[in-house]
Q: 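My structure is below; once you've seen it, I'll send some questions.
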Amino acid sequence: MTGRVIIITGANSGIGFRAAEQLCEAGNDVILACRSEERAKSAIEKILKRSPNALATFMQCDVADLSSVRKFVEDFHATGKKLHVLVNNAGVYLSKENRRQFSADNFELTMGTNHLGPFLLTHLLLDDLKKTAADGEADCRIINVTSSLHDSASPPNNAARRKPLDVENFFLEKEGTYNNQLGYKNSKLAMVLTTYELSKRLQDTGVTVNTLCPGFIPSTELCRHAGGGQKFFLRYILGGMLRPVMKPVKTLEDGAKAIMDLVVNEKFKGVTGKYYKDLVETESSEESKKEELQTAVYELSARYIHLEGYEPLDAPIPPPEEPTLSPKKSKKVKKAAVAEETAGPSGDEAATKEDDKETADKTDDEIKFADEDDKPEETAVVKIEESEKEVKDSGIEEAPKETEKEEEVKDSEKEDEVKDSGEKDEEVKDSGKEDEVKDSGKEDEVKDSGKEEVKEVESTKEVESVEEGKKIEETAPAITAEITVA
């Protein structure tokens, strides 16, 4: 099939780009519907470099923003072109570190990007597809790119996405119900459900709609919100070194071929309402086959996008963004939550648990940013100066030889404190024990701890007399304890 006008969302990278590239080479007029103009134009340059006569055009469209989708359709209509094929390929998968996020229309971001945006785009372009089909030029096709993860029973077997889709909790707004995997599963399930429902509504129009799973392709931009370590593992370990020995892992070429097949292969002419995986028609999840759920999700989606003929429904207003907690504060919140749970329910228990949950959802970057203002070096210096003052006020006279060595002790201890700042709690406990020993007046234990501390920081120490030695032993633990506490 050549000479057709084909719209592909998310076509500036991944399988969308590879499919656009191949369709251009086959002589089709391909419109790259992308969020980023810069990246889309870069993709077009690559296509033209390979095929100088390619018909590749960029038109801005952010499927996570319904106003952007509507503007895209207006811009397309302004071109006066016919439309033969629509490929809803753009999608997102949030990493587990991410907190619940929202689109410009207050939709949970995964559901808004993967389902509601493409759902609106499809329905705003239905008349264009019907008109082209009615002209008798060719059959017109809609391809929805979904995932096998829409099936809660598919591997990997994960309890996080086993819950069924609840139309009363469409955006997982109820407390304790959101997790990134369930959000992704529900968004792709909604796409399969509405594909089946739409296929029934498009009977005898000449427009077909099918859905496909391109397979697990680690090298796409689907997980662009994941952390650096997770991205590296997906792209270079699973998608690189391990791909030849892992059957489920697919390449970008494999994914593009799956899209190409449904777009151009004549064997799919008139075929509609099907689910494909690995280029073969297969069964989708049991949940997706429930006709009542298909109708319910279709009508609910139509209401959320304010589709003509349906009563408009607005998404719940997202809760205000919670403040970022520093690691120190989060530890206090956790301890408070544990204490309250042990004591029983209280008025502040829900708030404490919410703070604790928020803290657990932080990314490494957020924690690092929140802790930037902590200055362990400066704190150590101030505390050491205070400890020095306390030692001097106590009336303990220090020998000249000891002054130099104690400065070495301070420098050594300061370095240890900076390096071991993550272990302050243990140091404070140890210092507390030393203070207790000092307060108890047990001379023998003080001597032993003093000797151990002095051995760590002094290479050699000459003791001119027994009395001076005892004096040093009694003074050194006190100084060391003060420095350790700092």
Side-chain angles (χ1 to χ4, degrees), residues 1-35 37 39-61 63 69 72-73 75-91 118 121-122 124-145 202 205-212 214 220 251-272 276 279:
M1 187 169 74
T2 60
R4 312 296 171 86
V5 177
I6 302 169
I7 294 174
I8 304 178
T9 63
N12 60 355
S13 64
I15 61 175
F17 169 72
R18 295 299 173 91
E21 187 177 48
Q22 293 175 25
L23 287 167
C24 283
E25 289 178 357
N28 295 288
D29 184 350
V30 180
I31 297 174
L32 285 72
C34 305
R35 202 170 35 131
E37 179 176 1
R39 297 183 66 185
K41 288 185 175 180
S42 176
I44 291 174
E45 286 178 6
K46 293 176 183 177
I47 293 173
L48 293 175
K49 187 174 181 180
R50 184 166 173 171
S51 304
N53 297 322
L55 295 175
T57 311
F58 160 71
M59 293 181 67
Q60 192 165 45
C61 180
V63 292
V69 173
F72 169 83
V73 173
D75 293 342
F76 173 73
H77 287 159
T79 66
K81 293 181 178 181
K82 293 183 177 182
L83 179 62
H84 299 84
V85 180
L86 169 63
V87 180
N88 287 310
N89 167 71
L121 180 63
T122 297
L124 293 180
L125 292 172
L126 277 182
D127 287 343
D128 299 86
L129 292 164
K130 290 177 182 178
K131 186 175 184 304
T132 302
D135 290 342
E137 293 185 11
D139 64 321
C140 294
R141 307 178 183 185
I142 302 169
I143 293 95
N144 291 326
V145 180
L202 290 177
T205 63
V207 180
T208 62
V209 55
N210 295 289
T211 184
L212 72 90
T220 68
T251 65
L252 293 175
E253 286 71 22
D254 294 332
K257 184 178 180 181
I259 293 176
M260 282 281 294
D261 202 37
L262 280 180
V263 170
V264 305
N265 200 320
E266 287 296 320
K267 74 178 182 180
F268 296 114
K269 185 174 182 177
V271 177
T272 190
Y276 293 88
L279 304 177

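As a basis for the values below, the full set of heavy atoms in this structure was taken, side chains included, without hydrogen atoms, waters or symmetry mates. If you read the sequence from its start, that first residue is 1, and numbering goes on from there.
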Q: Would you please test Val30 and Leu32 for side-chain contact (heavy atoms from CB on, under 4.5 Å) and show each step?
A: CA-CA 6 Å; Val30 180; Leu32 285 72; 4.1 Å; yes
Q: Looking only at non-hydrogen atoms, find the nearest pair between Phe58 and Ala40 and report the distance.
A: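 Closest pair (atom of Phe58, atom of Ala40, distance): CD1-CB, 3.2 Å.
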Q: Start with the C-alpha gap between Phe17 and Asn12, add the side-chain angles, then the distance that decides, and say whether side-chain contact (heavy atoms from CB on, under 4.5 Å) holds.
A: CA-CA 5 Å; Phe17 169 72; Asn12 60 355; 6.0 Å; no
Q: Can you tell me how far apart CG (Leu83) and CD1 (Ile31) are? Round to the nearest 0.5 Å.
A: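 Atom-to-atom, Leu83:CG and Ile31:CD1 are 7.5 Å apart.
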Q: Could you work out, with salt bridge (Lys or Arg N to Asp or Glu O under 4.0 Å) as the rule, every residue matching Glu37, not counting sequence neighbours?
A: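 Scan of Glu37 (salt bridge (Lys or Arg N to Asp or Glu O under 4.0 Å), adjacent residues dropped) gives Lys41.
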Q: Hey, are Glu25 and Arg50 close enough for a salt bridge, meaning a charged N less than 4.0 Å from a carboxylate O?
A: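 Yes, Glu25 and Arg50 are salt-bridged.
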Q: Of all the heavy-atom pairs spanning Ile143 and Val85, show the shortest one and how long it is.
A: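 Looking at all heavy atoms of both residues, the closest pair is CD1-CG1, 3.9 Å.
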Q: Is it true that the side chains of Thr132 and Asp135 contain a donor and an acceptor less than 3.5 Å apart?
A: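 Side chains of Thr132 and Asp135: no pair found under 3.5 Å.
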Q: Evaluate side-chain contact (heavy atoms from CB on, under 4.5 Å) for Lys81 paired with Phe76, printing each intermediate quantity in order.
A: CA-CA 7 Å; Lys81 293 181 178 181; Phe76 173 73; 4.2 Å; yes
Q: Flag the pair Val264 / Leu23 as yes when at least one side-chain heavy-atom distance between them is below 4.5 Å, and no otherwise.
A: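 Yes - at least one pair of side-chain heavy atoms lies under 4.5 Å apart.
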Q: Applying side-chain contact (heavy atoms from CB on, under 4.5 Å) to Ile142 and Thr208, what does each step give before you reach the verdict?
A: CA-CA 6 Å; Ile142 302 169; Thr208 62; over 6 Å; no
Q: Is Asp254 reaching over with its side chain to a backbone N or O of Thr251, donor-acceptor style, under 3.5 angstrom?
A: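 Here the side-chain-to-backbone pair exists.
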Q: Starting at CG of Asn88, measure out to CD1 of Ile7 and round the result to the nearest 0.5 Å.
A: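 So the gap between those two atoms works out to 9.5 Å.
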Q: With side chains defined as the heavy atoms from C-beta onward, is the minimum distance between Leu121 and Phe72 less than 4.5 Å?
A: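 They are in contact (side-chain heavy atoms under 4.5 Å apart), so the answer is yes.
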Q: Does a side-chain N-to-carboxylate-O contact under 4.0 Å join Arg4 and Asp29?
A: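 Answer for the salt bridge query: no.
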Q: Out of curiosity, Leu129 CG to Thr122 OG1, how far, rounded to the nearest 0.5 Å?
A: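 One gets 8.5 Å once the value is rounded to the nearest 0.5 Å.
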Q: Can you find a pair of side-chain heavy atoms, one from Gln60 and one from Cys34, that are under 4.5 Å apart?
A: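 No - every pair of side-chain heavy atoms lies 4.5 Å or more apart.
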Q: So, for Ala256 and Gln22, which heavy atoms are closest and what is the spacing to 0.1 Å?
A: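 Here Ala256 and Gln22 meet closest at CB-NE2, 3.8 Å.
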Q: Under the side-chain contact (heavy atoms from CB on, under 4.5 Å) test against Leu262, which residue among Leu279, Val271, Val87, Leu212 passes?
A: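 The residue from Leu279, Val271, Val87, Leu212 that satisfies side-chain contact (heavy atoms from CB on, under 4.5 Å) with Leu262 turns out to be Leu212.
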Q: From Leu48 CG over to Cys24 SG, what is the distance, rounded to the nearest 0.5 angstrom?
A: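 Atom-to-atom, Leu48:CG and Cys24:SG are 8.0 Å apart.
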Q: As an exercise, state the distance from CG of Leu125 to SG of Cys140, rounded to the nearest 0.5 Å.
A: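 Between atom CG of Leu125 and atom SG of Cys140 there are 11.5 Å.
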Q: Quick one: are Asp261 and Lys267 in side-chain contact, heavy atoms under 4.5 Å?
A: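 Touching, per the 4.5 Å side-chain cut-off.
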Q: Looking only at heavy atoms, what is the nearest atom pair of Thr9 and Ala90, with distance?
A: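 Scanning both residues completely, I find the closest heavy atoms to be OG1-N, 3.0 Å.
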Q: If you compare all heavy atoms of Val209 against all heavy atoms of Thr272, which two are closest, and at what distance to 0.1 Å?
A: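 Residues Val209 and Thr272, closest heavy atoms: N-OG1, 3.1 Å.
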Q: Measure across Ala54 and Ile47 and return the closest heavy-atom pair with its distance rounded to 0.1 Å.
A: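 So the two residues come closest at CB-CG2, 3.8 Å.
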Q: If you measure from the Lys or Arg side-chain nitrogens to the Asp or Glu carboxylate oxygens, is any gap between Asp139 and Arg141 under 4.0 Å?
A: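 Yes.
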Q: Using a 3.5 Å distance criterion without hydrogens, assess whether the side chain of Thr205 forms a donor-acceptor pair with backbone atoms of Val207.
A: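 Yes.
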Q: Is there a donor-acceptor contact under 3.5 Å linking the side chains of Asn28 and His84?
A: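 No, no side-chain donor-acceptor pair sits under 3.5 Å.
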Q: Are more than 12 heavy atoms, taken from residues, nucleotides or ligands other than Lys130, located less than 6.0 Å from that residue's NZ atom?
A: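 Atom NZ in Lys130 is crowded, with more than 12 foreign heavy atoms closer than 6.0 Å.
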